[in-house]
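Remarks on the structure that follows.
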Amino acid sequence: MKILCAIKRVVDYNVRVRVKSDGSGVETDGVKMSINPFDEIGLEEALRIKERGEAEEVIVCSIGGNEVQQQLRTGLAMGADRGIHVETGETTQPLTVARTLLKLVEKEEPGLVFLGKQAIDDDSNQTGQMLAALWDRPQATSASKVELADGKATVVCEIDAGLETLQVDLPAVITTDLRLNEPRFVKLPDIMKAKRKPLETIAFDELGVEKGVDLGLGAHEPPPKRGGGKMVGSVAELIDELKNKGLL
Ligand code: AMP
């Protein structure tokens with residue numbers, strides 16, 4: 001079985017995001033970029049499945065400009081066998097990404113596709129669900145445990161009310177949540193080895209993907225500055241203050 005892992009290049013989660021002075025987006029120049037944390041978890045899970053002997057190949061794929069090859073190489077250094085870069089200079093929205101991933105799924109025929117539950121830049125939480133619908137295969141979202149047996153995946157999913165266990169037939173789409181695992185650190189020799197692993201580039205236009213509805217982004221602005229805090233002397237004073245602000 002092959003496992004396909006979608007990884008998106010995003011501003012590293014430790015970076016304090018700054019809005020560009022013209023409000024056209026967030027600053028990415030000179031900013032540390034990384035694999036979307038949920039995608040790293042998906043890749044880690046795929047690698048563990050392969051290490052248990054339940055899959056033969058782990059493929060990482062990413063859609064974006066040439067710069068996404070950095071994150072694909074990191075994925076290869078973590079242990080993926082090969083990478084696929086779908087090259088486009090345009091920003092992509094979830095429906096377009098899902099349609100593109102479907103083309104890769106049709107080409108590679110994986111038994112399992114891992115995506116993050118959401119990309120931390122746009123927080124859409126849509127792509128995995130859309131891919132499963134387009135592919136007409138089952139989905140299990142926000143996974144915190146995955147077990148494979150007899151052509152099925154048993155997945156513990158994080159839901160608002162707690163946890164829900166789903167059993168899905170493979171092939172399926174699984175999106176990952178934070179508690180699923182802790183991704184491994186990449187070691188220097190693995191970075192060197194990753195340079196020799198295959199990384200295929202496919203032009204986005206070659207795939208014949210219909211572009212998704214273009215959601216317009218009006219403007220970006222930073223959150224309002226927080227006012228200074230106030231120390232209160234007692235619980236009674238705190239309650240008065242909250243009442244004065246209309247919070248109680
Ligand atoms: P979203 O629906 O935008 O929150 O993204 C959910 C997941 O879709 C991400 O965690 C990735 O696994 C995948 N994804 C989104 N955009 C891309 C992209 N440009 N390249 C590869 N994977 C992506």
Side-chain angles (χ1 to χ4, degrees), residues 3-13 17 25-26 28 33-47 58-76 78 80 82-105 107-108 110 112-135 137 139-144 146 155 157-158 172-181 183 199-207 209 211-215 217:
I3 305 181
L4 183 67
C5 299
I7 59 177
K8 187 176 187 186
R9 174 184 164 96
V10 296
V11 172
D12 187 88
Y13 72 96
V17 171
V26 298
T28 51
M33 305 295 284
S34 299
I35 299 179
N36 181 47
F38 295 106
D39 305 354
E40 215 180 2
I41 291 170
L43 173 56
E44 175 64 36
E45 197 63 20
L47 295 173
V58 175
I59 307 164
V60 278
C61 64
S62 193
I63 301 152
N66 279 334
E67 60 284 356
V68 306
Q69 292 198 7
Q70 277 173 17
Q71 280 62 46
L72 286 168
R73 287 281 171 210
T74 306
L76 294 171
M78 276 178 73
R82 61 188 168 96
I84 304 176
H85 169 206
V86 178
E87 208 262 314
T88 170
E90 288 179 37
T91 51
T92 44
Q93 294 179 353
L95 185 55
T96 310
V97 175
R99 285 177 176 155
T100 309
L101 293 175
L102 179 67
K103 295 283 181 190
L104 300 185
V105 162
K107 182 168 173 272
E108 298 291 344
L112 194 51
V113 183
F114 276 112
L115 295 92
K117 74 165 180 182
Q118 68 199 67
I120 60 165
D121 51 2
D122 59 15
D123 277 340
S124 296
N125 190 333
Q126 294 173 359
T127 311
Q129 295 88 327
M130 287 175 171
L131 172 63
L134 294 170
W135 189 17
R137 292 304 308 168
Q139 57 179 288
T141 55
S142 304
S144 60
V146 176
V155 186
C157 301
E158 308 223 347
V173 173
I174 297 180
T175 75
T176 58
D177 215 321
L178 282 181
R179 269 176 278 244
L180 181 57
N181 60 48
L199 175 50
E200 178 188 2
T201 299
I202 304 173
F204 177 82
D205 292 336
E206 237 174 70
L207 292 174
V209 173
K211 293 213 178 98
V213 203
D214 239 13
L215 300 172
L217 265 174

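Not measured: the values here are computed from a predicted model. Reckoned from all heavy atoms, side chains included, excluding hydrogens, waters and symmetry mates. As the structure lists them, so they are numbered: ligands from 1, and atoms in each ligand from 1. Counting begins at 1 with the first residue of the sequence.
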Is there a heavy atom of Ser62 sitting under 4.0 angstrom from any atom of ligand 1?
yes
Are the side chain of Thr176 and the backbone N or O of Phe38 linked by a donor-acceptor pair below 3.5 Å?
yes
Exam field: side chain His85 to backbone Ala203, donor-acceptor pair closer than 3.5 Å
no
Heavy atoms only: which of Gly65, Gly128, Ser124, Gly116 lies closest to atom 6 (C) of ligand 1?
Gly116
Protein heavy-atom partner closest to atom 1 (P) of ligand 1 - residue, atom, separation in Å
Thr127 OG1, 3.4 Å
Give me the nearest non-hydrogen protein atom to atom 14 (N) of ligand 1 as residue plus atom name, then the distance to 0.1 Å.
Val97 CG1, 4.0 Å
Which ligand 1 atoms does Thr92 reach within 4.0 Å, using its non-hydrogen atoms?
19 (N)
Pick one of side chain, backbone, both or neither for how Ile63 approaches ligand 1, counting any non-hydrogen atom pair under 4.0 Å.
both
Protein heavy-atom partner closest to atom 22 (N) of ligand 1 - residue, atom, separation in Å:
Ala6 CB, 3.6 Å
Polar contact flag for Ala119 and ligand 1 (N/O pairs, less than 3.5 Å):
yes
Among Asp39, Leu115, Val10, closest by any non-hydrogen atom to atom 11 (C) of ligand 1:
Asp39
Criterion salt bridge (charged side-chain N to carboxylate O under 4.0 Å, His left out) on Arg9 and Asp121, from CA distance to verdict
CA-CA 9 Å; Arg9 174 184 164 96; Asp121 51 2; over 6 Å; no
Tell me yes or no: between the side chains of Glu44 and Asn181, is some donor less than 3.5 Å from an acceptor?
no
Is the count of non-hydrogen atoms from other residues, nucleotides or ligands lying under 6.0 Å from Glu90 atom CD greater than 12?
no
Just which atoms of ligand 1 are under 4.0 Å from any heavy atom in Asn125?
1 (P), 2 (O), 4 (O)
When distances are taken from atom 3 (O) of ligand 1, the protein heavy atom at minimum range is Asp122 OD1, 3.2 Å
Does a side chain donor of either Asn66 or Gln70 reach within less than 3.5 Å of an acceptor in the other side chain?
no
Option from Val105, Ile3, Leu104 for which side-chain contact (heavy atoms from CB on, under 4.5 Å) with Pro110 holds:
Val105
Just need the protein heavy atom nearest to atom 16 (N) of ligand 1, so name the residue and atom and give the distance.
Lys8 CD, 3.3 Å
Donor-acceptor pair, distance only, cut-off 3.5 Å: does the side chain of Asp39 make one with the backbone of Gly116?
yes
Atoms of ligand 1 close to Ile7 [distance to a heavy atom under 4.0 angstrom, numbered from 1]:
20 (N), 21 (C), 22 (N)
Is Asp177 salt-bridged to Lys117, cutoff N-O under 4.0 Å?
yes
